[in-house]
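Right, one structure below, let's go through it.
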Amino acid sequence: MMGIKEEFMKKTKMLDVHNGKNGVEEVMDYLVDPAIVFKMIIASEMELPVLTLIAKDLENKFNENSNFPVVVTDDNKNTTARQNVGRMIKFIMSKYGYTPVDGGLSERARIPAISGSEYFSTSGIYKKTDEAKYQIEVTARKIG
């Protein structure tokens with residue numbers, strides 16, 4: 001069975017800074033992680049921009065030394081990389097039954113300052129509108 005990442009990678013023409021797919025795969029690996037999807041769903045349920053709880057983490061992980069920098073580097077604002085992250089999220093969220101209801105220049109799409117994000121200023125706001133093909137299961141287990 002093909003997972004969300006594999007399905008996306010098969011369709012996408014997106015490339016990383018080396019004109020390859022490694023960086024794209026690395027971002028997808030991060031974004032499809034159930035803990036990350038759960039944060040995007042929580043933000044969506046709170047009617048906040050989908051990136052609210054993960055933007056800072058994304059910027060730290062995909063910094064100027066990564067294959068897919070989403071931060072502003074000396075010679076590049078990497079706007080396309082940030083837009084591509086939005087496209088990846090749209091693909092992933094659709095699998096959980098969520099579609100964008102607001103975004104772009106809408107005031108609501110502004111990522112709140114509490115997120116600590118430096119480079120992402122807006123992101124889509126998602127709402128559960130469709131039947132989900134995937135679901136998140138949260139489990140707790142004792143450690144140690």
Side-chain angles (χ1 to χ4, degrees), residues 1-18 20-73 76-143:
M1 191 185 94
M2 203 180 340
I4 296 173
K5 180 186 119 182
E6 292 72 23
E7 195 182 326
F8 180 84
M9 292 308 295
K10 219 171 127 167
K11 290 181 180 168
T12 190
K13 306 243 185 302
M14 230 175 254
L15 297 171
D16 65 20
V17 286
H18 309 293
K21 296 279 186 200
N22 287 352
V24 182
E25 282 205 52
E26 288 160 12
V27 178
M28 274 308 274
D29 279 332
Y30 170 82
L31 291 172
V32 297
D33 180 317
I36 300 302
V37 174
F38 193 52
K39 289 180 178 185
M40 295 194 286
I41 288 173
I42 290 168
S44 300
E45 290 300 324
M46 294 175 76
E47 297 181 13
L48 290 168
V50 72
L51 280 174
T52 302
L53 301 174
I54 65 165
K56 186 83 199 129
D57 197 27
L58 260 170
E59 293 171 351
N60 291 336
K61 269 194 183 14
F62 300 99
N63 61 22
E64 62 278 1
N65 303 315
S66 75
N67 291 317
F68 205 94
V70 297
V71 300
V72 175
T73 55
N76 196 333
K77 291 198 176 357
N78 288 314
T79 312
T80 308
R82 288 191 296 281
Q83 289 169 340
N84 280 339
V85 166
R87 291 182 184 101
M88 293 180 204
I89 289 172
K90 186 176 180 180
F91 185 84
I92 294 164
M93 291 297 279
S94 73
K95 302 297 179 185
Y96 290 90
Y98 286 79
T99 50
V101 289
D102 214 340
L105 301 170
S106 150
E107 202 39 59
R108 280 173 18 114
R110 204 157 267 301
I111 295 173
I114 198 168
S115 83
S117 171
E118 272 178 78
Y119 303 101
F120 289 96
S121 52
T122 61
S123 77
I125 295 173
Y126 285 73
K127 202 175 182 65
K128 186 138 171 66
T129 55
D130 295 327
E131 200 63 40
K133 291 178 178 58
Y134 288 80
Q135 71 177 24
I136 298 285
E137 284 175 11
V138 180
T139 58
R141 61 186 160 83
K142 191 172 183 202
I143 45 177

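For the numbers below, each heavy atom of this structure counts, side chains included, while hydrogens, waters and symmetry mates do not. The first residue in the sequence is number 1, and the count goes up from there. These figures come from a predicted structure and were not determined experimentally.
Glu59 places a side-chain N or O within donor-acceptor distance of the main-chain N or O of Tyr119, the cut-off being under 3.5 Å. In terms of modelled atom types and a separation under 3.5 Å, the side chain of Thr122 and the main chain of Ala109 share no donor-acceptor contact. Judged by distance alone, with hydrogens and angles left aside, the side-chain atoms of Ser44 form a donor-acceptor pair with the main-chain N or O of Met40 at under 3.5 Å. Checked by atom type and distance alone, the side chain of Arg110 never pairs as donor or acceptor with a backbone atom of Pro49 at under 3.5 Å. Judged by distance alone, with hydrogens and angles left aside, the side-chain atoms of Asn78 form a donor-acceptor pair with the main-chain N or O of Val71 at under 3.5 Å.
To the nearest 0.5 Å, atom CD of residue Glu25 and atom NZ of residue Lys5 are 4.0 Å apart. Rounded to the nearest 0.5 Å, atoms CG (Leu15) and CG (Asn67) are 12.0 Å apart. Note that CD1 of Ile54 and OG of Ser123 are 8.5 Å apart. Values are rounded to the nearest 0.5 Å. Between the CG atom in Asp130 and the NZ atom in Lys95 there is a gap of 11.0 Å [rounded to 0.5 Å]. Here the straight-line distance linking atom CZ of Phe38 with atom CG of Asp33 works out to 12.5 Å at 0.5 Å rounding. Interatomic distance, Lys133 NZ to Glu7 CD, rounded to the nearest 0.5 Å: 8.5 Å.
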For a side-chain contact (heavy atoms from CB on, under 4.5 Å) check, start with the C-alpha distance between Met93 and Thr99, then their side-chain angles and the critical distance, and finish with the verdict.
CA-CA 7 Å; Met93 291 297 279; Thr99 50; over 6 Å; no
From CA spacing to verdict: side-chain contact (heavy atoms from CB on, under 4.5 Å), Ile125, Leu48
CA-CA 6 Å; Ile125 295 173; Leu48 290 168; over 6 Å; no
Run Tyr98 and Thr129 through side-chain contact (heavy atoms from CB on, under 4.5 Å) and show every step you take.
CA-CA 6 Å; Tyr98 286 79; Thr129 55; over 6 Å; no
Could you walk me through whether Val85 and Phe68 satisfy the side-chain contact (heavy atoms from CB on, under 4.5 Å) test, starting with their C-alpha distance in whole Å, then the side-chain angles of each, then the deciding distance to 0.1 Å, before giving a yes or no?
CA-CA 10 Å; Val85 166; Phe68 205 94; 4.2 Å; yes
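Applying the 6.0 Å contact sphere to NZ of Lys56 captures more than 12 heavy atoms from other residues, nucleotides or ligands. No more than 12 heavy atoms of other residues, nucleotides or ligands lie within 6.0 Å of NZ in Lys127, so this atom counts as exposed by the packing criterion.
The two residues Tyr96 and Ile4 make their nearest non-hydrogen contact at CE1-CD1, 3.9 Å. Smallest separation of non-hydrogen atoms from Tyr126 and Lys90: OH-CA, 3.2 Å.
Between Ile36 and Asp57, the closest side-chain pair of non-hydrogen atoms falls below 4.5 Å. Residues Pro69 and Val17 meet the side-chain proximity criterion, which asks for heavy atoms closer than 4.5 Å. Taking the side chain as every heavy atom from C-beta outward, Val32 and Met88 never approach each other to under 4.5 Å. The shortest distance between side-chain heavy atoms of Val72 and Arg82 falls below 4.5 Å. Proximity of Leu53 to Ile42: side-chain heavy atoms (C-beta onward) are separated by under 4.5 Å at one or more points.
A salt bridge does not link Lys10 to Glu6: none of the charged nitrogens lies less than 4.0 Å from a carboxylate oxygen. A salt bridge does not link Glu45 with Lys128: every distance from a Lys NZ or Arg NE/NH1/NH2 to an Asp or Glu carboxylate oxygen is 4.0 Å or more. Between Asp16 and Lys21, no side-chain nitrogen of the basic residue sits less than 4.0 Å from a carboxylate oxygen of the acidic one, so the salt-bridge criterion is not met. Ion pair Glu26/Lys61 not flagged as a salt bridge, since none of the NZ, NE, NH1 or NH2 atoms sits closer than 4.0 Å to an Asp/Glu carboxylate oxygen.
Phe8 does not carry Lys11 over the face of its six-membered ring by the limits of under 6.0 Å from the centre and within 45° of the normal.
Using bins of under 30°, 30° to 60° and over 60° for the plane-to-plane angle, the ring pair Tyr30/Phe62 lands in the perpendicular bin.
With no hydrogens or angles considered, no side-chain donor-acceptor pair links Ser115 and Thr52 at under 3.5 Å.
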